[in-house]
There are 2 protein chains.
Amino acid sequence: MKNPQALTIGKLARHGGVNIMTIRYYERRGLLPAPARTASGYRLYADDALRRLQFIRQAQLLGFSLSEIQDLLSLRMQPGTTCADIRMRAKEKIAAVEKKIEDLERIKNALTALASACRGKGPTADCPILEALETEHST
Amino acid sequence: MKNPQALTIGKLARHGGVNIMTIRYYERRGLLPAPARTASGYRLYADDALRRLQFIRQAQLLGFSLSEIQDLLSLRMQPGTTCADIRMRAKEKIAAVEKKIEDLERIKNALTALASACRGKGPTADCPILEALETEHST
DNA sequence: ATAAACCCGGTACCTTGGTATAGAGTCAAC
DNA sequence: GTTGACTCTATACCAAGGTACCGGGTTTAT
């Protein structure tokens with residue numbers, strides 16, 4: 001390991017807070033480029049691999065799937081891609097997140113209504129929650 | 001088919017709005033009880049299977065997983081289960097949904113901040129969205 | 001110099017909620 | 001009385017995002 005910034009896969013994994021298998025998986029998926037190898041076949045990563053890993057994890061935290069992240073990464077590489085392209089992806093994701101939030105709000109309201117209709121005592125035979133579940137119902 | 005209310009799997013599927021395979025899958029998972037069979041092995045369902053199917057679908061719409069639905073169903077069967085037990089499941093689900101909403105709100109806010117930091121023109125080299133993704137960041 | 005820790009590739013497995021396919025048997029209608 | 005629609009079982013496959021195991025080779029530390 002002559003290169004001072006070269007990381008073995010284990011070190012990259014520890015620094016990046018992921019599992020070694022995850023790194024190999026990302027490489028298979030094309031999210032991480034295939035790194036240099038030692039004579040014996042060990043992967044050797046430069047620092048940019050760590051930044052790439054961070055990119056992936058941050059994007060995941062923001063709700064992007066690995067496929068979408070792949071898309072973001074390849075956009076970034078393609079010359080001619082503009083900031084606007086990236087921003088569009090972000091806006092699309094915002095819209096998707098908003099939709100998911102709305103769906104969950106609807107679910108929450110329906111559940112809350114059911115839970116408050118149930119006075120919470122007695123046998124299940126006449127539980128309004130169970131009853132409601134047995135009948136069609138525009139949630 | 002002497003029984004007037006007996007349904008073949010195909011009819012049950014159509015009435016319930018699901019795929020035939022889904023019904024068999026629910027049976028394998030234990031969500032639907034194994035029905036009676038004709039001499040030739042065809043499944044024959046009574047009307048309560050349809051109600052059960054509706055229960056499952058409604059509960060899914062409310063965000064319950066199939067395992068949780070299984071739990072609800074077996075709770076309902078157990079004598080001694082009270083309305084309060086059911087209500088507790090509903091409240092737990094409400095809390096989980098609320099947490100998911102909060103997570104998504106956080107994601108949405110982070111994405112919105114990034115998108116508005118990006119003026120949407122120029123090359124990707126200095127796109128604030130991409131930059132933000134490369135650095136650790138308490139979302 | 002030898003044990004511990006590391007790494008290799010390949011493959012299989014996990015969860016969730018189904019869907020598809022194959023090859024066979026059965027039922028209803030014309 | 002045969003064609004077409006239906007059903008049967010068993011097994012495999014899908015997305016998504018990994019995780020685990022295996023049998024071997026390599027490095028590192030003592």
Side-chain angles (χ1 to χ4, degrees), chain A residues 1-3 6-32 34-45 49 52-73 93 96-97 100 103 107, chain B residues 1-3 6-32 34-45 49 52-73 93 96 100 103:
Chain A
M1 241 165 283
K2 40 220 62 157
N3 193 335
L7 298 162
T8 60
I9 192 170
K11 281 176 188 159
L12 177 62
R14 274 193 294 278
H15 284 270
V18 299
N19 197 307
I20 288 182
M21 282 87 134
T22 304
I23 292 179
R24 291 204 272 244
Y25 173 66
Y26 286 172
E27 182 179 327
R28 272 208 308 288
R29 292 241 355 195
L31 286 162
L32 287 174
R37 299 280 188 140
T38 66
S40 55
Y42 281 28
R43 289 171 179 80
L44 279 188
Y45 294 94
R52 177 81 82 118
L53 204 47
Q54 246 148 21
F55 182 97
I56 295 169
R57 279 174 25 89
Q58 284 304 316
Q60 274 188 306
L61 285 178
L62 290 179
F64 289 95
S65 71
L66 293 185
S67 304
E68 289 167 335
I69 294 169
Q70 211 153 2
D71 183 43
L72 285 177
L73 286 168
K93 184 49 72 180
V97 169
K100 228 179 259 173
D103 291 346
I107 287 174
Chain B
M1 239 165 281
K2 41 219 62 156
N3 194 335
L7 297 163
T8 60
I9 194 172
K11 282 176 189 159
L12 178 61
R14 274 192 295 278
H15 283 271
V18 299
N19 197 308
I20 288 181
M21 283 88 134
T22 304
I23 292 179
R24 291 202 272 246
Y25 173 66
Y26 287 172
E27 182 179 328
R28 273 208 308 287
R29 293 239 358 192
L31 287 162
L32 286 174
R37 299 279 186 141
T38 65
S40 55
Y42 282 27
R43 288 172 180 80
L44 279 187
Y45 295 94
R52 178 80 83 115
L53 203 48
Q54 245 148 24
F55 183 98
I56 295 169
R57 279 171 28 86
Q58 285 303 316
Q60 274 188 306
L61 285 178
L62 290 177
F64 289 95
S65 70
L66 292 184
S67 304
E68 289 166 334
I69 293 169
Q70 211 154 2
D71 183 45
L72 285 176
L73 285 168
K93 183 49 69 179
K100 227 178 261 171
D103 290 345

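A, B, ... follow the sequence lines: proteins, then strands. Residue 1 opens every chain.
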Engineer: OP1 or OP2 of C:dT19 less than 4.0 angstrom from a side-chain nitrogen or oxygen of B:Thr22, does that happen here?
Structural biologist: yes
Engineer: What residues form a side chain to side chain donor-acceptor pair (under 3.5 Å) with B:Asn19, not counting sequence neighbours?
Structural biologist: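 In terms of side chain to side chain donor-acceptor pair (under 3.5 Å), with neighbours along the sequence ignored, B:Asn19 is linked to no residue.
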Engineer: Run the side chain to side chain contact (heavy atoms under 4.5 Å, CB included) test against A:Arg52 and tell me which residues pass, sequence neighbours left out.
Structural biologist: A:Leu32, A:Pro33, A:Ile56, A:Leu73, A:Arg76
Engineer: Without swapping roles, check the side chain of A:Arg57 against the backbone of A:Gly16 for a donor-acceptor pair under 3.5 Å.
Structural biologist: yes
Engineer: Verify the contact: side-chain N or O of A:Gln60 to OP1 or OP2 of D:dG18, cut-off strictly under 4.0 Å; return yes or no.
Structural biologist: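 For D:dG18, OP1 or OP2 has a side-chain N or O of A:Gln60 closer than 4.0 Å.
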Engineer: Specify the separation, in whole Å, of atom CG of A:Asn19 and atom C1' of D:dA20.
Structural biologist: 10 Å
Engineer: Rounded to whole Å, please give me the gap between CG in B:Leu7 and P in C:dC27.
Structural biologist: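 Those two atoms, CG and P, are 17 Å apart.
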Engineer: Excluding sequence neighbours, so at least two apart, what forms side chain to side chain donor-acceptor pair (under 3.5 Å) with B:Arg14?
Structural biologist: none
Engineer: Going by the rule side chain to side chain contact (heavy atoms under 4.5 Å, CB included), which residues pair with B:Ile9 if we only count those two or more places apart in sequence or in a different chain?
Structural biologist: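 By the side chain to side chain contact (heavy atoms under 4.5 Å, CB included) rule, B:Ile9 matches B:Ile20, B:Ile23, B:Arg24, B:Arg43, B:Tyr45.
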Engineer: B:Ile23 CD1 to C:dG17 P: how many Å, rounded?
Structural biologist: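 Going from B:Ile23 (CD1) to C:dG17 (P), I get 17 Å.
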Engineer: When rounded to the nearest 0.5 angstrom, what is the spacing between CG in A:Leu44 and CG in A:Leu12?
Structural biologist: 11.0 Å
Engineer: Rounded to whole angstrom units, what separation is found between the CG atom of B:Leu12 and the P atom of D:dC6?
Structural biologist: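 After rounding, the gap between these two atoms is 15 Å.
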Engineer: Check whether any side-chain heavy atom of A:Lys100 sits under 4.5 Å from a side-chain heavy atom of A:Val97, and report yes or no.
Structural biologist: no
Engineer: Within residues 24-32 of chain B, find the residues that approach DNA chain D with a heavy atom at under 4.0 Å, and present them sorted by residue number.
Structural biologist: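 Only B:Arg24 qualify.
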Engineer: Go through the structure and list residues passing side chain to side chain donor-acceptor pair (under 3.5 Å) with B:Arg29, not counting sequence neighbours.
Structural biologist: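 Side chain to side chain donor-acceptor pair (under 3.5 Å) list for B:Arg29, sorted by chain: B:Tyr25, B:Ser67.
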Engineer: Under 4.0 Å between a side-chain N or O of B:Arg37 and OP1 or OP2 of C:dT26?
Structural biologist: no
Engineer: Hey, does the side chain of B:Arg43 come within less than 4.0 Å of D:dC6's phosphate (OP1/OP2), counting only N and O?
Structural biologist: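 No, B:Arg43 has no side-chain N/O under 4.0 Å of OP1/OP2 on D:dC6.
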Engineer: Distance check, rounded to the nearest 0.5 Å: B:Leu53 atom CG versus B:His15 atom NE2?
Structural biologist: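 Result: 11.5 Å between the selected atoms.
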Engineer: Starting from the 5' end of DNA chain D, give me the residue, A:Ser67 or A:Ala39, whose nearest nucleotide shows up first.
Structural biologist: A:Ser67
Engineer: Once you build an axis from the first five pairs and another from the last five of the helix from C:dA1-D:dT30 to C:dC30-D:dG1, how far apart in angle are they, to 10 degrees?
Structural biologist: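 Nearest ten degrees gives 10° for this helix.
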Engineer: In whole angstrom, give the distance that lies between atom CE of A:Met21 and atom C1' of C:dC13.
Structural biologist: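 That distance rounds to 12 Å.
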Engineer: Return the polar atom pairs (N/O with N/O) between nucleotides 4-6 of chain C and the protein under 3.5 Å, or none.
Structural biologist:
unit_1 : atom_1 : unit_2  : atom_2 : d
C:dC6  : O2     : A:Tyr42 : OH     : 3.3

Engineer: Can you tell me which nucleotide in C:dC27, D:dG17, D:dT26 comes closest to the side chain of A:Ser40?
Structural biologist: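 Of the candidates, D:dT26 comes closest.
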Engineer: Quick one: side chain to side chain contact (heavy atoms under 4.5 Å, CB included) partners of B:Phe64, sequence neighbours excluded?
Structural biologist: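 Checked B:Phe64 against side chain to side chain contact (heavy atoms under 4.5 Å, CB included); matches are A:Leu111, B:Ala59, B:Leu62, B:Glu68, B:Ile69, B:Leu72, B:Lys93.
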Engineer: Using the salt bridge (Lys or Arg N to Asp or Glu O under 4.0 Å) criterion, which residues pair with B:Asp103? Sequence neighbours excluded.
Structural biologist: B:Lys99, B:Arg106
